[in-house]
Structure formats: structure tokens, C-alpha cells
Amino acid sequence: MKRILSVLCLLIITIGYAQNNLKDISAKQAFERALELRFQNPDSAVALLNYSSENYLQLNDTVNATYSLLEKAYVFENTARYANSYDALWTALILNDKRDDDKLKSIIFVRLGRIYSYNKRVEESYKYLKSSLELQKRRVEKLNLKKSVLVPYYYSLAKTSRELQENKVARIYLDSCYLYFSDEVDFQPLAHLEYRGKEYLDFEKAVLLEREDNNQEAIAIMEGVIPYFQKNEPTYLVLIYKYLGDMYLNISNLKKSEELYRKSLDISENYKSHLDFTPLVYENLTELYLRKNDYKNAFQSLKKAKELDAKFFDGRSSINQSLLEIKDNYRLEKDRQEKQIQEQYLKQLEQEEEISKLQMIILLGSIFFLLIIGYGYFNYLRTKHKNEKAFIKRNKELEIQKQQVLIDIKNKELASSALQLIEKDEFLKEIKSKVRVGTDKIKIHEINKVLRSISSNNNNNWDEFKHRFISVNKEFYNKIFEKFPNLSQSDQKICALIKLNMSSKDMARLLGISVESVHTSRHRIRKKMDLPRNVNLEDYINSI
């Protein structure tokens, strides 16, 4: 009686919504009410979700409109109306095509990938599932999220691979799920994500173990997750009881297996959920009855499996015919937009090409003009630098010549002065000799006084000569003293006189020594300078 009343109430609600009595509730209220009705009355849930999405769009709330469309797609998917689910998902994708929202796009891609997998369109399925995973990885890196948020996306790949009988691939993706799993992340219990907790991973693990013929271990895991799904997601028990029935069938526990298959069918009927899964249950019941030699029930089960399979998957089904002739609104729209963009792009390219040509001509002209100016300016600078360098060099040469001429003049003056000193000394020597042989009338002390004066003047004359020589040949004097610090004062005198190109005889007369002494001094100087025999002393000193 209660069940009849419940059905009548739901029917009244459906009729009420059909008569546009939704005006008194908000888009949010309609969405929340749809979540409550999606398993008990899918059609009412769809009506509410249509109302919710349309109202959200009127409010320019694209995000919530998208979530309403995702829930609607899930309701259609649960009731095996894949074409309707597909249309809802593409509508959601079109809404978010221009939005930079990787989270929503990744969810839409997941659901599209799953829809494609139901129709065995493997390439498209993996393309969208992997795209959703890449989008989510980008969010993790960009927003520094925990990697556990990747688990639902790895889970969808694992589940799809398992359903497509690619068990090894499914195992790899499932291992990634366990690797990144964390209890810290709480996923909203919304239909857009199939994964809601570790129990979903354990379910997939149990199914893979059953395919590896590890039935006992698989049964233990599967029975361990039943309490969770009874409490949180009873509709998922359709799958759990079906696969648990397979495991018991594998170990030939036919009674337990049949019981579980019946439970799976009852839950699917009660919740109007996973209807597309029921043909598989009936196929396995057929095998079970054949093992029991119950051919009547085996025939009935096989007949039911064929009917349901034709209803949900055969191309002749009115429900799925449109799925096999998918009108990809999104792609058609994208193609139209791309053609329009290409036409605009071609026009833009033509304009840009003309502009580029003009810019290139202007650029080349400017470069050529700048090169001419640069070349002229470079030649001007080079010529100016060359002239300045030649001018400086010429001035330097003139200055050197001038200095050399002055030095030569002063050295000649020094040489002349030296000769005068020689003559003076000879004259004085002559006077000294005459005085010494003079008459007795001259007093002796006066004679000595004159002689001392002559000797003193002789020394003063040399000091004056040395001072004047150094002032003219300062650089020579410094160099020779620096190179040969062991030269004595008399050696330096000889070097100075050699610099003036004086002969040994003149040196002897000037210095008041014999010519042999001059030769001895010259030999001593060569030895101190460590000159080889083939080097002329005069040439060497003049080169300093």
C-alpha cells in the first residue's frame, strides 16, 4: 500500500512539473529536488534539471547551469538513454568552450569519455578521458593542489579500461589511484564524478582479481565494501551483486550466485539505475541455469537478455538509433566557427601580407639608408682618426727632432767648452811652469797661493761641466747609472766624454791624465758593462 501511495505521489509531482508549476521554486531548489528524485523518478528529475539549467542561464550563471546539465546527463546515462546524455554533455561543453575553467572542462571530458566507451568508440573515449586527466594535472601544478585530486580521473581510466577488457591497462591506472589516494580530500557526492571514496577502488580491484582467477580474494574484498554502498550509494549495488555473483559462479556456488544476480536485478528495477547492466546479468543467469540443467529458465533468461540488449544497444532501437547517428552539435558548431575563423584568417593574412610587404620595403629602405649614413660616418671617423694620428705622429717626430737638435747643439757647446777648458788648463800649466822657474824676486808664498787657485779652478771647472752635461743629457745619465750602478765617478766622466765624441787625447788633456790612463779606464768600463769584443764602446754608449 505504501509503495502504491509513493508511486502516486511521484506521478502527481511529475504531472505538476509538466504543467509548468515550477515557477514558484528557484533554480537551486529545483536542482536539489532533482538530486532526491533522480533514482526514484528519473523523468521528474530531468524536468527539474531542465528548469534549473534554463533559470541559471537566464541569471548568466554558467557554472551552476553546467552542473545541472551534468546531473541531467548522469540521469540519462543511468537509464541507458545515452543519446540524451550525450546531447546534455555537448551542451555543457559549448557553454564552457570560451571559459577558462579547467575543472569543469575536465569533468565534462570524463563524462563524454565514459559515454563513448559504452558505444565501444575506444579512441574517442580514451582521448577525452586522458584530456580530462591532463587538465586536472595542470590545475594541480598551477594551483599547488594535492595530487589526490587526480584519483577520480585515474579511476575513470581504470574503470573504462576494465570494461573494455584491457585488464593490464586497468591495473596500471588503478595502481595510480592507490598511489595518490588520500582520505583528506572529500569529493562532493555529485553524479559528475563516479569516484567518491576508496571503496570504489577496492571494487575495481576485486573485479580485476576475479579476472585473474583469484575468486576467494576478490569475494573477500567485494563483501567488505557492501556495507559502505548499502549506506551511501545503494544504486551501485547493481554492479556489486552482479560481479559478486560472477565470482560465486566461478567457484560453482550456483545458489549463492543466483541469489546475488536476483538482488542486482531487483535493485536496478527499484532505483531505475544501471538499466544497461541488466542484459549482462541475464546472460550470466542463462549460463547458471544451463549448469543446473534448468533449460526453461535458461531460455527465459537468454530471451530477456536479447530483448534488453536490443533495447539499449542494438542500432534498431529507437532509444539508441540517434546515438549511432550522433549529431555532434559541438563539432558542427566548432566546424562552422573554424571555417569562419579560417576565412577571416585568410583575409587577415592577405592584409597582413600586403602590410608586411610594405613594412619590408620601408624596413629595407631604412636599413639601406642607415647603412649609407653609417658607412659615411664610419669613413669620416676613420679619416679623422687617421689624420689626427698622422698629425700627432708628425708633431711627435718634430718634437723629437727639435729635442735632438737642442741636445746636439748643447753637446757641441759642451764639447767646445771642454776644449776651452783644455786650452785653459794648458795655459795655466804653462804659467805654473814659468812661475816655478821664475826669479827670486817673487815671493814664495804668493806663488803657492796662485798655484792653489789654479788647482781649485780646475776642479770647479769640471763640476760646472758635469752639471751642464747632466742638465742636457739627464736621461742618458739616469739610464747609465741605473744600468751600471757599479761605475765609479771617474768612469762616469769617461762615459760622458765618450757621449760627446771626444778623442782619448782630448779626454786625457781635460782630465789631466795620460792617454794610457784613458785607455785603461775605457777597458775597465767595458769590463764593468760586460760588453763582448765585437761591440764598440762608443756606439753602445751613444745608443743609451
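One is the number of the first residue; the rest follow in order along the sequence. Note that this is a predicted model, so its numbers are computed, not measured.
- Heavy-atom contacts from other residues, nucleotides or ligands closer than 6.0 Å to NZ of K147 number 12 or fewer.
- Between the side chains of S161 and Y126, at least one donor N or O lies within less than 3.5 Å of an accepting N or O.
- Between P279 and L275, the shortest heavy-atom distance links the atoms CD-O, 3.7 Å.
- Salt-bridge check for R162 with E204: passed, with a basic side-chain N closer than 4.0 Å to an acidic carboxylate O.
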Passes ring pair (Phe, Tyr, Trp, His ring centres under 6.0 Å), F368 versus Y375? Steps please. CA-CA 10 Å; F368 183 72; Y375 181 74; over 10 Å; no

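- Put simply, the side chain of S268 never gets that close to the backbone of L265: no donor and acceptor are under 3.5 Å apart.
- A salt bridge does not link E199 with K231: none of the charged nitrogens is closer than 4.0 Å to a carboxylate oxygen.
- In terms of modelled atom types and a separation under 3.5 Å, the side chain of N41 and the main chain of L37 share no donor-acceptor contact.
- Residues S125 and T160 approach most closely at OG-CG2, 3.6 Å, considering heavy atoms.
- A donor-acceptor pair is defined here as one N or O able to donate and one able to accept, closer than 3.5 Å; such a pair exists between the side chain of S301 and the backbone of N297.
- Remark: side-chain polar atoms of N214 are not paired, donor with acceptor, to backbone N or O of E217 under 3.5 angstrom.
- Taking every heavy atom of both residues into account, A27 and S52 meet most closely at O-OG, 3.1 Å.
- Within 6.0 Å of CZ on F203 lie more than 12 heavy atoms contributed by other residues, nucleotides or ligands.
- In this structure, Y178 places its OH atom where more than 12 heavy-atom neighbours from other residues, nucleotides or ligands lie under 6.0 Å away.
- A salt bridge is absent between K292 and D294; no separation between the charged side-chain nitrogens and carboxylate oxygens falls under 4.0 Å.
- When every heavy atom of S257 is checked against every heavy atom of L288, the shortest pair comes out as OG-CD1, 3.5 Å.
- Ring geometry for Y154 versus Y173: interplanar angle of 30 to 60°, hence tilted.
- Scanning both residues, V75 and A45, for their nearest heavy atoms gives CG2-CB, 4.5 Å.
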Take Y236 and Y228 through the test ring pair (Phe, Tyr, Trp, His ring centres under 6.0 Å) and record every step on the way to the result.
CA-CA 10 Å; Y236 212 76; Y228 169 84; 9.4 Å; no

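- Side chains of Y289 and Q300: a donor-acceptor N/O pair is absent below 3.5 angstrom, by distance only.
- Of all non-hydrogen atoms in F31 and Y67, the two that sit nearest each other are CE1-O, 3.8 Å.
- Under a 4.0 Å N-O distance rule, the pair R139/D102 does not qualify as a salt bridge.
- Ion pairing between K272 and D43 fails under the 4.0 Å rule for side-chain N and carboxylate O.
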Does the salt bridge (charged side-chain N to carboxylate O under 4.0 Å, His left out) test come out yes or no for E258 and R291, once each step is laid out?
-> CA-CA 12 Å; E258 183 179 3; R291 288 193 190 183; over 6 Å; no

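- Ion pairing between a basic and an acidic side chain is recognised when a charged N comes within 4.0 Å of a carboxylate O; R33 and E36 show such pairing.
- With hydrogens and angles left out, the side-chain atoms of Y261 and D246 include a donor and acceptor closer than 3.5 Å.
- Annotation for Q165: atom CD counts as buried by contact number, over 12 foreign heavy atoms lying within 6.0 Å.
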